[in-house]
Number of protein chains: 2
Amino acid sequence: MQPTEFLKDLRQRGHRRTPQREMILQVICECDGHITADEIITRVRKRYPHLNKSAVYRTLNLLVQTGFVNPTDFGSGSVTYEIHRDPHHHHLVCRECGKMIEVDAGVFAPVERKLRDEYAFAPDLHHFAIFGLCRKCQKKG
Amino acid sequence: MQPTEFLKDLRQRGHRRTPQREMILQVICECDGHITADEIITRVRKRYPHLNKSAVYRTLNLLVQTGFVNPTDFGSGSVTYEIHRDPHHHHLVCRECGKMIEVDAGVFAPVERKLRDEYAFAPDLHHFAIFGLCRKCQKKG
DNA sequence: CTCCTAATTGCAACTAGTTGCAATTGAAAA
DNA sequence: TTTTCAATTGCAACTAGTTGCAATTAGGAG
Ligand SMILES: [Zn+2]
Ligand SMILES: [Zn+2]
Ligand SMILES: [Zn+2]
Ligand SMILES: [Zn+2]
């Protein structure tokens, strides 16, 4: 999905198309993976040095609210953002070596079922960072 | 479990018993539930006004590291901490009305099994805040 | 094209939490 | 008891992110 499509979609929900949002979306779409707010600011400022960080954080929050982008805290000190893909996925993160393994949304299907059936609760189980130990680090420890 | 027991256990792991840690643990144990760093500072300062926030955050990080306490971000703007209970539990949080439902650790058993079997990954699935919609808010929406 | 207004921006001040460093102190050894 | 030294604290400066408000602007109506 391209920046213009997101902007069009946002417009239909009553949000405005601004140069800042355009540039921010451009950078997020180009990066293909997880990116921090700070990295977005750095990249946008190469073309438009004036950009204010509030606009970036507010745009990111809007994109998260609308479901276009997933925020994730990998414990590095700043949240990362990624374009939402459907079907979605999760990340296993080794707390020893930092290795990351992508797993598909299906792992949580039994949890979702149980929460719906037993608690009548409709959970959002999108894009988790699940910490733990990878194969190698289990053997070492 | 009482503060003195935690302190003893910490000592055996090479950490020191200090008045600050004693008072912080006292407050966490007394509160019986989730408490924020700021609330801990406020309560300890009633008796010991000098307490510095760095000591609190460092103590909390230590207690999390050692597994005595679980940190959880309920999205209120500051992380909450709770004494670790075994078996552990999770919290369902309604994103509309804020209702919280406690669920036991078992819900994630199938996830843990699958991650171990298919990815050889040993996940930490402790004390999650799972956002979503409660029964009432599903009907409303 | 011009006007209007609510949405958005920039800014500065703020909150939550972290970090480097010098001063203090717990606790173990002598 | 005194000495010793690493662990811990307080402090001040820092990072990530949020917020209130005045100024700007997108975009629709006339
Ligand atoms: Zn991802
Ligand atoms: Zn590993
Ligand atoms: Zn809890
Ligand atoms: Zn609800």
Side-chain angles (χ1 to χ4, degrees), chain A residues 3-4 6-25 27-28 34-45 47-66 69-81 129, chain B residues 3-4 6-25 27-28 34-45 47-66 69-81 129:
Chain A
T4 43
F6 286 117
L7 290 162
K8 215 170 149 188
D9 212 328
L10 281 175
R11 188 82 268 272
Q12 282 167 352
R13 302 190 195 201
H15 305 286
R16 289 185 184 165
R17 173 178 189 136
T18 69
Q20 289 87 340
R21 287 182 178 165
E22 221 163 308
M23 293 183 287
I24 291 163
L25 267 166
V27 165
I28 298 173
H34 305 94
I35 187 170
T36 64
D38 202 57
E39 185 56 30
I40 292 170
I41 293 172
T42 303
R43 293 193 197 177
V44 172
R45 280 190 180 157
R47 292 201 223 156
Y48 180 71
H50 193 59
L51 182 76
N52 187 273
K53 67 173 178 170
S54 298
V56 174
Y57 283 111
R58 285 194 274 231
T59 298
L60 286 169
N61 288 342
L62 176 66
L63 295 173
V64 170
Q65 288 291 317
T66 49
V69 157
N70 291 129
T72 313
D73 186 351
F74 287 109
S76 71
S78 45
V79 172
T80 66
Y81 298 86
Chain B
T4 43
F6 286 116
L7 289 161
K8 215 170 147 188
D9 211 328
L10 282 174
R11 185 82 269 272
Q12 282 168 353
R13 302 189 195 201
H15 305 287
R16 289 184 184 167
R17 173 178 189 137
T18 69
Q20 288 88 341
R21 287 182 179 164
E22 221 163 308
M23 291 182 288
I24 291 163
L25 267 167
V27 165
I28 299 172
H34 305 93
I35 188 169
T36 63
D38 201 58
E39 185 56 29
I40 292 170
I41 293 173
T42 302
R43 294 193 196 176
V44 172
R45 280 190 181 157
R47 293 202 223 156
Y48 180 71
H50 192 59
L51 182 75
N52 187 271
K53 66 172 178 170
S54 298
V56 174
Y57 283 111
R58 285 194 273 231
T59 298
L60 286 169
N61 288 342
L62 176 66
L63 294 173
V64 169
Q65 289 290 317
T66 49
V69 157
N70 291 128
T72 312
D73 186 351
F74 287 109
S76 71
S78 45
V79 172
T80 66
Y81 298 85

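Below, chain A is the first sequence line, B the second, and so on; all start at residue 1.
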Q: Count the heavy atoms belonging to other residues, nucleotides or ligands that lie under 6.0 Å from CZ of A:Arg47, then report whether that count exceeds 12.
A: no
Q: Give one of base, sugar-phosphate or nothing for B:Tyr48, where a contact means two heavy atoms less than 4.0 Å apart.
A: sugar-phosphate
Q) Heavy atoms, side chains only, cut-off 4.5 Å: are B:Val79 and B:Leu60 in contact? A) no
Q) With distance as the sole criterion, do the side chain of B:Arg16 and the base of C:dA27 form a donor-acceptor contact below 3.5 Å? A) no
Q: For A:Leu62 and for B:Val79, find the nucleotide of DNA chain C with the closest heavy atom, then tell me which residue's nucleotide is more 5'.
A: A:Leu62
Q: Anything under 4.0 Å to a heavy atom of chain B counts; send over the first and last such nucleotide of DNA chain D, read 5' to 3'.
A: D:dA6 to D:dA12
Q. Can you check the B:Leu10 CG to C:dA27 P distance for me, whole Å?
A. 11 Å
Q | Partner of A:Leu25 under side chain to side chain contact (heavy atoms under 4.5 Å, CB included), chosen from A:Thr59, A:Val69, A:Leu7 | A | A:Leu7
Q | Touch class at under 4.0 angstrom, heavy-atom based, for A:Ser54 against every strand present | A | base
Q) How close or far is atom C1' of C:dT8 from atom CD of A:Glu22, stated in whole angstroms? A) 14 Å
Q: Compare all side-chain heavy atoms of A:Lys8 with those of A:Thr4 and state whether any distance is below 4.5 angstrom.
A: no
Q: By nearest nucleotide on DNA chain C, pick out whichever of B:His15 and B:Ala37 is the more 5' one.
A: B:Ala37
Q: Determine, stepwise, if the pair A:Val56 / A:Val44 fulfils side chain to side chain contact (heavy atoms under 4.5 Å, CB included).
A: CA-CA 10 Å; A:Val56 174; A:Val44 172; over 6 Å; no
Q: Report yes or no: does A:Arg45 contribute a side-chain atom to a donor-acceptor pair with the main-chain N or O of A:Leu51 at less than 3.5 Å?
A: yes
Q. Of all residues at least two apart in sequence or in a different chain, which pass the side-chain hydrogen bond (donor to acceptor under 3.5 Å, both in side chains) check with B:Arg58?
A. none
Q | Nearest-nucleotide 5' precedence on DNA chain D, B:Asn52 against A:Asn52 | A | B:Asn52
Q.
Judged by each residue's nearest nucleotide on DNA chain D, which is more toward the 5′ side, A:Arg11 or B:Thr59?
A. B:Thr59
Q: Have a look at A:Ser78 and say if it touches a base, only the backbone sugar-phosphate, or nothing, with a 4.0 Å heavy-atom cut-off.
A: sugar-phosphate
Q: Take atom CG of A:Asn61 and atom P of C:dT8, then tell me their distance rounded to the nearest Å.
A: 13 Å
Q: Using a heavy-atom cut-off of under 4.0 Å over every strand shown, decide if A:Arg21 touches base, sugar-phosphate, or nothing.
A: sugar-phosphate
